[in-house]
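From a predicted model like this one, the values you see are computed outputs, not experimental measurements.
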Amino acid sequence: MRLSLPLLLLLLGAWAIPGGLGDRAPLTATAPQLDEEEKYSAHMPVHLRCDACRAVAYQMQQHLAKAEAKLHTQDSRGQQVLSESVYTDVLDGSCSCSQTWQDYGVREVNQVKRLTGPGLSNGPEPGISVMITGGPWPTRLSSTCLHYLGEFGEDQIYEAHQQGAGALEALLCGGRRGACSEEVPVTRAEL
């Protein structure tokens, strides 16, 4: 293959220009090294439960807001209000819809593994990183979502949704024993 002289000079010149291709450090990224629990457990690992809770709150909020946007009726305060049967179906659907959880996965930033996906901001984004999606993560998130539906019930979740996204996240994830609390008890002993 023959390169034309102008193209060859352009390529060589890019290496010689300050700030050109030659001054850049190579970008590298490696996939997170998952431990046995992260690879094989049916449950969400303890260190990722806060992120999982925040993802569930975000998805519930999004599904409910989308259903409310389709309504043409408002309550006395001007808010769109779903009937009990509709918000129950919407919340059940938000947990069981496999498409809801496909964009979530795990990546490692500064030696810390975090769940990442829509609604999760974990600080400044790294220049380059590898995220592991699929596998057990959608099933774990769906199970986590169904756990919160069972724990709090659709009525209480919808009431918190009507107060705003912060209220729903606070209900599900906050509190003394919430997934995002500093005092979350470890539920199993290390073997």
Spacing of [X] atom [atom1] and [Y] atom [atom2] [to the nearest 0.5 Å]:
X	Y	atom1	atom2	result
H47	L115	NE2	CG	9.5 Å
E154	L149	CD	CG	5.0 Å
L64	I157	CG	CD1	9.0 Å
L91	M60	CG	CE	5.5 Å
L146	S96	CG	OG	7.0 Å
E68	H161	CD	NE2	3.5 Å

Sub-4.5 Å side-chain heavy-atom contact between [X] and [Y]:
X	Y	answer
Y104	P118	yes
F152	E159	no
M44	W137	yes
Q59	C145	no
Q163	L168	no
V56	C53	no
V81	Y87	no
S83	V86	yes

Spell out, as yes or no, whether a donor-acceptor pair under 3.5 Å connects the side chain of S142 to the backbone of C95. yes
Taking R49 for the side chain and G178 for the main chain, is one N or O donor matched with an acceptor at less than 3.5 Å?
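No.
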| message | Quick check: closest heavy atoms across E108 and Q111, and the distance to 0.1 Å? | response |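 So the minimum-distance heavy-atom pair works out to OE2-CA, 3.4 Å.
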Requested in this report: Taking all non-hydrogen atoms of both residues into account, name the closest pair between G135 and P138 and its distance.
Outcome: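 The answer is O-CD, 3.6 Å.
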Result of checking T139, T144, L141 against W101 for side-chain contact (heavy atoms from CB on, under 4.5 Å):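 Option passing the side-chain contact (heavy atoms from CB on, under 4.5 Å) with W101: L141.
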Evaluate side-chain contact (heavy atoms from CB on, under 4.5 Å) for Y158 paired with L82, printing each intermediate quantity in order.
CA-CA 9 Å; Y158 187 61; L82 299 174; 3.6 Å; yes
(Q) Using a strict SG to SG cutoff of under 2.5 Å, would you count C180 and C50 as disulfide-linked? (A) yes
Side-chain donor-acceptor contact under 3.5 Å, E37 with H43:
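The criterion, which ignores hydrogens and geometry beyond distance, is not satisfied for H43 and E37.
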Margin query: Go through it in stages, so that I can follow the logic: the residues are R54 and E169, the test is side-chain contact (heavy atoms from CB on, under 4.5 Å), and I'd like the CA-CA distance, side-chain angles, deciding distance and then a yes or no.
Written below: CA-CA 6 Å; R54 291 176 46 235; E169 187 173 312; 3.5 Å; yes
Next on the checklist: Could you walk me through whether V106 and R114 satisfy the side-chain contact (heavy atoms from CB on, under 4.5 Å) test, starting with their C-alpha distance in whole Å, then the side-chain angles of each, then the deciding distance to 0.1 Å, before giving a yes or no?
Outcome noted: CA-CA 6 Å; V106 172; R114 299 295 303 261; over 6 Å; no
